[in-house]
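Accompanying notes for the structure given below.
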Amino acid sequence: MTSNVYSIFLAVVTCLPVLGGPVLAAQPLPQMKPLGSGTGHGFVEGVDTPAAKPSSAPKVEKGADPAPDTPARTQTSACVIPGVELTVRSPVDGENGCGFSDAVEVTAVEDGDARIAFSGPVTITCEFAKVFAEWLRDGVMPASEKHLNSESLLVMTGPGYQCRRRNNLPDGKLSEHALGKAVDISGFVVPEGQAVSVEKDWNAKTEKGRFLTDIHASACTHFTTVLGPDADPHHVSHIHLDTGCHGKACDYLICQ
Ligand SMILES: [Zn+2]
């Protein structure tokens, strides 16, 4: 599965004919800076700490149950989301509280003829995959059609799961990435070869800039944490999305 997706991505970036589905046309693509794989590649870890955290945000002790909003992880063998290409993984069992049981690797989301593929498999929980897919369909596809003339596109994502704590502090709160409830996006590529870079096109008075503004706004109706280039200097190159709990009732939204 992974190699298949990687093959598709390679086909895209190397301008070879794309195999399977109305994915992306064979056009020269601008250079895009991919996010890290969790093992380096220049991706700055621990950058998903909100600039201003609500004072009522629950504290998480090292080794404790990682998040009060974490539901019981009973779904271990099946995750079926219509229109979502995924592979059910064995539970992710990291150290120091990292990990989750309902793990899946998501590679693409479809809606009719429209298809959003990822630059690499995204390892997240099944529940987060549902939220992510909803946003891609309800927020990204329409915005892409409006501003980029294509509902289908490639999304440059990070790996999703990363076992780390916020701000790289040894005893800091676990990043939502460590719980499979976060993803980072650095850009998009549409079939005509247009590339949208979060770093380069954010706030630009262009269709690409307006596309990014639109998808950031729609993300704030699907996720509880949305951190883009306006959030802080750590996010100039990507948009962080997660469904972490903020506030005692988990009803605090961070949209920056
Ligand atoms: Zn992130």
Side-chain angles (χ1 to χ4, degrees), residues 32-54 57 60 66-67 69-70 92 94 96-100 103-106 109 116 118-125 127-136 139-140 155-170 172-188 196-199 201-202 212 215-246 250 252-256:
M32 294 291 292
K33 185 163 65 178
L35 291 173
S37 64
T39 56
H41 301 282
F43 182 71
V44 180
E45 288 195 335
V47 297
D48 55 348
T49 301
K53 213 165 47 171
V60 173
D69 63 324
T70 304
V92 175
N96 300 319
C98 295
F100 46 98
V104 295
E105 279 187 355
V106 182
V109 174
I116 291 181
F118 305 148
S119 56
V122 178
T123 303
I124 47 183
T125 68
E127 284 303 309
F128 187 80
K130 291 176 183 173
V131 176
F132 190 30
E134 281 180 9
W135 172 65
L136 290 171
V140 175
V155 184
M156 311 301 289
T157 66
Y161 172 69
Q162 293 174 313
C163 184
R164 60 173 174 82
R165 294 177 184 275
R166 289 179 174 180
N167 253 9
N168 268 349
L169 297 174
K173 181 177 179 177
L174 274 180
S175 165
E176 296 299 325
H177 284 285
L179 306 175
K181 297 192 295 184
V183 69
D184 297 317
I185 292 176
S186 64
F188 303 82
V196 180
S197 162
V198 171
E199 186 166 16
D201 297 310
W202 184 257
L212 290 175
I215 64 152
H216 182 279
S218 65
C220 293
T221 67
H222 288 76
F223 302 93
T224 56
T225 313
V226 179
L227 299 171
D230 289 344
D232 58 53
H234 295 303
H235 290 85
V236 293
S237 66
H238 68 280
I239 299 174
H240 168 93
L241 308 168
D242 76 48
T243 55
C245 171
H246 308 298
C250 296
Y252 189 99
L253 171 67
I254 296 174
C255 174
Q256 298 175 347

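Atoms within each ligand, like the ligands themselves, are counted from 1 in listed order. Below, all heavy atoms of this structure are taken into account, side chains as well, without hydrogens, waters or symmetry copies.
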Notebook entry, point to check: Is the distance between the Zn ion (ligand 1) and the nearest N/O/S atom of D242 smaller than 2.8 Å?
Noted result: no

Check: Parallel, tilted or perpendicular for F128 and F223, by the 30°/60° rule?
Finding: tilted

Next item on the list: May I ask you to decide if the ring planes of F132 and W135 are parallel, tilted or perpendicular, using 30° and 60° as cut-offs?
Entry: parallel

Note to self: The criterion is side chain to side chain contact (heavy atoms under 4.5 Å, CB included); which residues satisfy it with A178, sequence neighbours excluded?
What the structure shows: C98, L174

Checklist line | H240: its N/O/S atom lying closest to the Zn ion (ligand 1) (atom name) | finding: ND1

Notebook entry, point to check: Out of the N/O/S atoms in D184, what is the name of the one closest to the Zn ion (ligand 1)?
Noted result: OD1

Next item on the list: Scan K181, E176, H246 and name whichever one has a side chain to side chain donor-acceptor pair (under 3.5 Å) with T225.
Entry: H246

Note to self: When you measure from the Zn ion (ligand 1) to the N, O or S atoms of H177, does any of those distances fall below 2.8 Å?
What the structure shows: yes

